[in-house]
Amino acid sequence: MALFLLPAPALAQTLVDATDPERIIGLLRGFGSAILESDSVGDPMIVGRIDGTRYLVLFYGCDDGGTGCRAIQFRAAWETDGEYALSDLNAWNRDKRFGKAYLDDVDDPVLEMDVNLYDSVTTRNLEDTIDWWQIVLADFKRNVLKQ
């Protein structure tokens, strides 16, 4: 009975999931630039830039042909000629709640943040997640990369 007493906007929130890359691009553009490309297996891939930092949004759990995706991952990487120690990234992973960091196969730092969008989230939820990605990127650049 209480559901009937809620105002209509509370019941009709706009939802977004990983099956609609263009919708996600629209939200990302509120934080910087974003364009749609495809990865090496044909899944959608967004190339974006926030506060001067290039990042990717990779799509996971997709059907053949890059449709029906269920999750996304934000990823940024920096070419540094191996100047960062694994201990710096371990400290990040220990002390931070959002974003995981590691050294790639040539010892350059990579930062990732996974997002489950299966069965949809509200637009506001995904905007908040993008805001967290922006915060995580800035914090990583400032405290790990010392930029």
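For this chain, numbers begin at 1 and follow the sequence in order. In what follows, every heavy atom counts, from backbone to side chain, and hydrogens, waters and symmetry copies are set aside.
Side-chain heavy atoms closer than 4.5 Å link hydrophobic residues (I, L, V, M, F, W, Y) into clusters, and following such links, possibly through other members, connects Phe31 to Val115. Hydrophobic cluster membership differs between Ile130 and Tyr60, with clusters built from Ile, Leu, Val, Met, Phe, Trp and Tyr side chains linked at under 4.5 angstrom. Trp78 and Val110 are assigned to two separate hydrophobic clusters, defined by single-linkage of ILVMFWY side chains at heavy-atom distances under 4.5 Å. Under the 4.5 Å side-chain contact rule for hydrophobic residues, Phe98 and Leu126 share a cluster. Linking ILVMFWY residues whenever their side-chain heavy atoms come closer than 4.5 Å, directly or via other members, places Ile25 and Val57 in the same cluster.
In this structure, Asp17 and Asp119 have side chains that are not in contact, with every pair of non-hydrogen atoms separated by 4.5 Å or more. Counting only heavy atoms from C-beta outward, the side chains of Tyr102 and Glu112 approach each other to under 4.5 Å. Side-chain contact between Phe59 and Thr19: absent, with no pair of heavy atoms (C-beta onward) separated by less than 4.5 Å. A 4.5 Å side-chain heavy-atom check between Val121 and Leu15 finds every atom pair outside the cut-off. Contact of the Leu111 side chain with the Arg75 side chain is not registered, since no non-hydrogen atoms from C-beta on lie closer than 4.5 Å. At a threshold of 4.5 Å between non-hydrogen side-chain atoms, the residues Cys62 and Pro44 count as touching. A heavy-atom distance below 4.5 Å is found between the side chains of Met45 and Leu56. Here the side chains of Asp108 and Tyr84 are not in contact, with every heavy-atom distance at 4.5 Å or above.
No side-chain donor-acceptor contact under 3.5 Å links Thr67 to the backbone of Asp63. A donor-acceptor contact shorter than 3.5 Å links the side chain of Arg49 to the backbone of Gly52.
Remark: the Arg23 side chain and the Thr123 side chain contain an N/O donor-acceptor pair separated by less than 3.5 Å.
Residue Asp95 qualifies as enclosed at atom CG: its count of foreign heavy atoms under 6.0 Å is above 12. Counted within 6.0 Å of CD on Glu79, heavy atoms from surrounding residues, nucleotides or ligands total 12 or fewer; the atom is thus considered open.
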*Working for side chain to side chain contact (heavy atoms under 4.5 Å, CB included), residues Asp51 and Gln134*: CA-CA 8 Å; Asp51 300 329; Gln134 184 176 26; 3.0 Å; yes
*Go through Ile24 and Leu117 one step at a time and tell me if the side chain to side chain contact (heavy atoms under 4.5 Å, CB included) criterion holds.*
CA-CA 11 Å; Ile24 295 171; Leu117 296 178; 4.0 Å; yes
*Report the C-alpha distance between Asp128 and Trp132 in whole Å, list the side-chain angles of each, state the deciding distance to 0.1 Å, and finish with yes or no for side chain to side chain contact (heavy atoms under 4.5 Å, CB included).*
CA-CA 6 Å; Asp128 188 57; Trp132 271 109; 3.6 Å; yes
*For Asn116 and Arg70, what are the C-alpha separation, side-chain angles and deciding distance, and is it a side chain to side chain contact (heavy atoms under 4.5 Å, CB included)?*
CA-CA 7 Å; Asn116 178 6; Arg70 298 166 60 123; 5.6 Å; no
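Taking the six-membered ring where tryptophan is involved, the planes of Phe74 and Tyr55 are tilted, since the angle between them lies from 30° to 60°.
Between Ala34 and Ile46, the shortest heavy-atom contact is CB-CG2, 3.9 Å. Here the closest non-hydrogen pair linking Pro109 and Thr80 is CD-OG1, 3.4 Å. The heavy-atom pair separating Leu27 from Glu127 by the smallest distance is CD2-OE2, 3.6 Å. The minimum heavy-atom distance linking Ala76 with Arg54 is given by the pair CB-O, 3.9 Å. Nearest approach of Ala101 to Leu89, heavy atoms of both residues: CB-CD2, 3.9 Å.
Note that CG of Asp131 and CD1 of Ile50 are 9.0 Å apart. Values are rounded to the nearest 0.5 Å. Atom CG of Leu28 and atom CH2 of Trp133 lie 11.0 Å apart (nearest 0.5 Å). Between the CD atom of Gln147 and the CZ atom of Arg142 there is a distance of 11.5 Å, given to the nearest 0.5 Å. Separation of atoms CD1 (Ile35) and CD (Glu37) is listed at 4.5 Å; rounding is to 0.5 Å.
Every residue was checked against the side-chain hydrogen bond (donor to acceptor under 3.5 Å, both in side chains) condition with Ser38, not counting sequence neighbours, and none meets it.
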